[in-house]
Amino acid sequence: MTALADHIAGVPLIDQHAHGCWLGAGDRLRFENALNEANTAPLADFDSGFDTQIGFAVRAHCAPLLGLPEHAEPHDYWRRRSQLTEAELARVFLQAAGVSDWLIDTGYANGVADVSQVAELSNGRAHEVVRLEQVAEQAAKAAGDYASAFEQILRQRTAAVVGTKSVLAYRGGFDGDLSEPSAAEVAEAADRWRDSGGQRLTDRVLLRFGLHQALRVGKPLQFHVGFGDRDCDLHKANPLYLLDFLRQSGDTPIVLLHCYPYEREAGYLAQAFNNVYLDGGLSVNHLGARAPAFIARLLELAPFRKIVYSSDAFGPAELHYLGTTLWRKGIDRVLSGFVDNGDWSSADAARVVDLIAHVNAERIYRLDAGVRDDDTRV
Amino acid sequence: MTALADHIAGVPLIDQHAHGCWLGAGDRLRFENALNEANTAPLADFDSGFDTQIGFAVRAHCAPLLGLPEHAEPHDYWRRRSQLTEAELARVFLQAAGVSDWLIDTGYANGVADVSQVAELSNGRAHEVVRLEQVAEQAAKAAGDYASAFEQILRQRTAAVVGTKSVLAYRGGFDGDLSEPSAAEVAEAADRWRDSGGQRLTDRVLLRFGLHQALRVGKPLQFHVGFGDRDCDLHKANPLYLLDFLRQSGDTPIVLLHCYPYEREAGYLAQAFNNVYLDGGLSVNHLGARAPAFIARLLELAPFRKIVYSSDAFGPAELHYLGTTLWRKGIDRVLSGFVDNGDWSSADAARVVDLIAHVNAERIYRLDAGVRDDDTRV
Amino acid sequence: MTALADHIAGVPLIDQHAHGCWLGAGDRLRFENALNEANTAPLADFDSGFDTQIGFAVRAHCAPLLGLPEHAEPHDYWRRRSQLTEAELARVFLQAAGVSDWLIDTGYANGVADVSQVAELSNGRAHEVVRLEQVAEQAAKAAGDYASAFEQILRQRTAAVVGTKSVLAYRGGFDGDLSEPSAAEVAEAADRWRDSGGQRLTDRVLLRFGLHQALRVGKPLQFHVGFGDRDCDLHKANPLYLLDFLRQSGDTPIVLLHCYPYEREAGYLAQAFNNVYLDGGLSVNHLGARAPAFIARLLELAPFRKIVYSSDAFGPAELHYLGTTLWRKGIDRVLSGFVDNGDWSSADAARVVDLIAHVNAERIYRLDAGVRDDDTRV
């Protein structure tokens, strides 16, 4: 083991975008479907969630933590997993992840641990990221003027959280006008939406309004970019369509999440704008053995002070652990290659590991002592 | 040689999308132009079809089958090739390919072997894939109502074939509405087309009609995706534009062919829809020494039960052989890497090879004994 | 060192697209900002131009030429660099580049060496490439009919230069109609533009007019493609949007510059059209340790007689040298891999190196003895 590999194995991570892990029992179908991100239908009878890169990665890297050999057969893996409760699994995997801080998106949280439970199960710190579309739905239900209600709820909620998140990619995509709408347009759109029930926000005017309110708050704004489930029109989730918005976005940090297959475009944006950041969570887990190639592409145009780590884990606690394991293995492989080829020094490689692992995220989310003390540390 | 390499060298393949090989004599220009897929004009005087990845691959991997050293000079390769008839060349290369079944697209077949000739020359089985745009042209010439004629010809022809194929990518591309047109719209469009001569179908309504008829037939529907000749607007052959169509496509298997440079987008679709499959034929041959990098990208988001093999060979019999050789070399290199890196077990690697080589194609094209007996085995 | 590595280390290059190097003194901020291509604002306080792939590459590969160890610390690098004038630095780096001919784009030349200065500083030959948008701005200021003025200035200027260049990517992008406008349309658009001051050309009609005039001149026409600064809408700089224009472009060589992240699409176009060429300048420098992966992708669909070398260096003389160093290192790595894998012979690899290094560029720019004698050799 080289000094660099050693450093990578031990560096604490900030998982700057994750969801809760399951707490309630479920069957094998639930587990296998959780290994497929893009499909919204149940897997076909002929298929198996285990016969994927992420399935192979779970068997290779998670099995040993449950006392099984690497590459344990799916049947054996499932049987062993079933002997433990989800909370027991969570303690095993979250505590083994080497993550000091979890930033939890609470906008989609059915059946999974909340922020304080993640902190407790992981023996770590957990912080909240609030979803703008959820704030909008709360504002739709509130009394009085929509815009004022949105602003008030957003201020209130963001006072206690580290960042905001937008799923605009799932609500029509990035292409089209993303400028700030006028007060009159917002009022009219809000009336229309409230009249039609105020469910699942897809109104473009109100989505745009929410984004510009988040810029005013100034805490880091995360965007779902690229790869997700098939409700998203993937070609409209190309971050280059955000160019005009980014040109108006000022100093508020904008974090581009996931990014597959647009990670090179996203890296370009991280070079082009002082306030844009690049993250490859979700993708790393689903790419498994191919994660090193993806991690290498994250290290192209994006300046090294603009790249952050996340897992985007949701559901199986394996994913909260797998993200860190695949990232550690992958970045070791990529950076050792740079060092062996004479392009990087070993000391620089270790420093870039620190930047991506925690230094950059600490800076943009202000996860310093002051904030941490107020937070849901258990 | 490792056990995995040994297994890969011997595994029988189903070439699930190919065309016939030449039968008649031709000159060196014909041969060199056949090593360029994208150009529709004759190669420039200063150029040579040999100075390409596919040209280098022919010299490296096909030369030994003609008794020449690896990397034989172009001049020597051409001279030796000229000493044999196309039929003799076909017997050499098709029989060395290790292909049990060839699925032959008969929609473009000028000057090449037909289905039964491929079976005879290869000592294998051959099956037909029928092109929807050809059925449309037959229906345009038939008497009576266009829609009824199309349906009848399609039913008749597909009874004896294993699948259908669409070249929508060459007839306007994927973007735009692909929903099923009404009967009235079809009748009106058919009248218009018939009045204008009923040649080369580009009418959007009739193309959409054909696709939805193919879904009703239920046999696998292949789409040309991405890379082809320059008559195709490559940016409109991005498979993500098929999203809305796929959302309506039910259970009929949809096979995305070629896919370069959209193989990662296509792999995403294979994960997102239970009925979508991923193939990298044509691209593998033209990428030559770069095929391993492409094959690796095919193994990203697509579940392993959703990936199939093809050559898309047309013309020189070398290409029917080269496809399997580059695929075997490439998948060996990629999967050995996964195994050496500790991400996959060797047994899993061998099993995934089987899935891609023949198991998945056997399942979706129902190439079981019953079908095979009815087929053009010689 | 293998024979191939030896050959690559010594092969003379034609840098077929570069700008001048700085001549006047500047501070550290100027230098660090020059290591960021995409950003148009000054780097943020928390950032450093050194913490990028290109920054690491400068420290690894340029430091030894200044008497520093490889991977010298940024502070040490800057201090040593500051002890030399820009002209001294230029002599060091340009003369070490192994470049016989520099093709200099004079359309953007604030504060940098001109064509004859590049020749003098490098001890090499330098040739001019004239920017079409600059010709347009000259025509706007000229007396009389715009079209005639444009034609006359273009003929006059191109008589003494080796090629033309378009920055259409920065003036609205490639998508949309690029056919030749009528004389009446040109006259009307020119009046409008002149009336509004005749500054920075963005009028689509006049941009189209200029391109078709350049086709008539017949000297190679270079296009900025893909990656550049954020004034460019990167998604509109996808070269596939040039398809219709290329279909009408006849025999005039068209050179696609930079191309990241569209290098695979550009390689496809180089296969599809006898007159289209592929170049990866600018990208290679900014990718640093990742340049080999990019250079490998340049060697996919593009025929080997259609690929050329450039640095696109501007400003720091390091970049004129770094381009050749990263290219030599990268192509050695990629081609040795092809040879080791049995796909290419070593002799073929050396021949392809020559094609890309200088043979292809000599042919299309006609850099034969006759032209060279007339040129700005010092």
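Computed from a predicted model, the values in this text were never measured in an experiment. Lettering follows sequence order; numbering is per chain, from 1.
Comparing B/L234, B/L326, B/L43 by how many heavy-atom pairs each has under 4.5 Å with chain C, the most go to B/L234. Residue with the most contacts toward chain B among C/R351, C/E265, C/R305: C/R305 (heavy-atom pairs, distance under 4.5 Å). Annotation: maximal heavy-atom pairing with chain B below 4.5 Å, among C/A293, C/A302, C/P303, C/G337, occurs at C/P303.
In this structure, C/F304 has its ring center under 6.0 Å from that of B/F56.
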Pair B/R59-C/D348, salt bridge (Lys or Arg N to Asp or Glu O under 4.0 Å): steps then yes or no: CA-CA 11 Å; B/R59 290 167 49 215; C/D348 280 323; 2.7 Å; yes
Steps toward salt bridge (Lys or Arg N to Asp or Glu O under 4.0 Å) verdict (C/R247, B/D233): CA-CA 11 Å; C/R247 288 175 182 129; B/D233 282 341; 2.9 Å; yes
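Shown here is B/D27, whose CG atom has more than 12 heavy atoms of other residues, nucleotides or ligands within 6.0 Å. Within 6.0 Å of the CG atom in C/D340, the count of heavy atoms belonging to other residues, nucleotides or ligands exceeds 12.
Both the backbone and the side chain of B/S48 come within contact range of chain C, with heavy atoms under 4.5 Å apart. Interface remark: C/L246 contributes no atoms to any contact with chain B (heavy atom separation under 4.5 Å). Neither the backbone nor the side chain of C/V334 comes within less than 4.5 Å of any heavy atom in chain B. For B/D229, the part lying under 4.5 angstrom from a heavy atom of chain C is the backbone only. Only the backbone of B/D231 has a heavy atom closer than 4.5 Å to any heavy atom of chain C.
Contact check for C/L269 versus B/R230: no side-chain heavy atoms found under the 4.5 Å cut-off. Within the 4.5 Å cutoff, the side chain of C/L243 has heavy atoms near those of the B/H235 side chain.
Side-chain atoms of B/Q53 come within 3.5 Å of backbone atoms of C/L299 as a donor-acceptor pair (strictly under, hydrogens ignored). No donor-acceptor distance shorter than 3.5 angstrom exists from the side chain of B/K329 to the backbone of C/D343, with no hydrogens or angles considered. In this structure a side-chain-to-backbone donor-acceptor pair under 3.5 Å is missing from C/R264 to B/Y260.
For the pairing with C/K306, the side chain to side chain contact (heavy atoms under 4.5 Å, CB included) check across B/T52, B/D47, B/D51 returns one residue only, B/D47.
Closest of all the heavy-atom pairs between C/E300 and B/L287 is CB-CD2, 3.5 Å. Contact between B/C232 and C/Y268 at its shortest, heavy atoms only, is O-OH, 4.1 Å. Across all non-hydrogen atoms, the minimal contact from C/G342 to B/A60 is O-CB, 3.9 Å.
Figure legend: cation-pi geometry between C/R363 and B/F46, with NZ or CZ positioned under 6.0 Å from the six-membered ring centre and within 45° of its axis.
Donor-acceptor pairing under 3.5 Å is recorded for the side chains of B/N39 and C/N274.
Here the straight-line distance linking atom CD of B/E73 with atom OG of C/S345 works out to 7.5 Å at 0.5 Å rounding.
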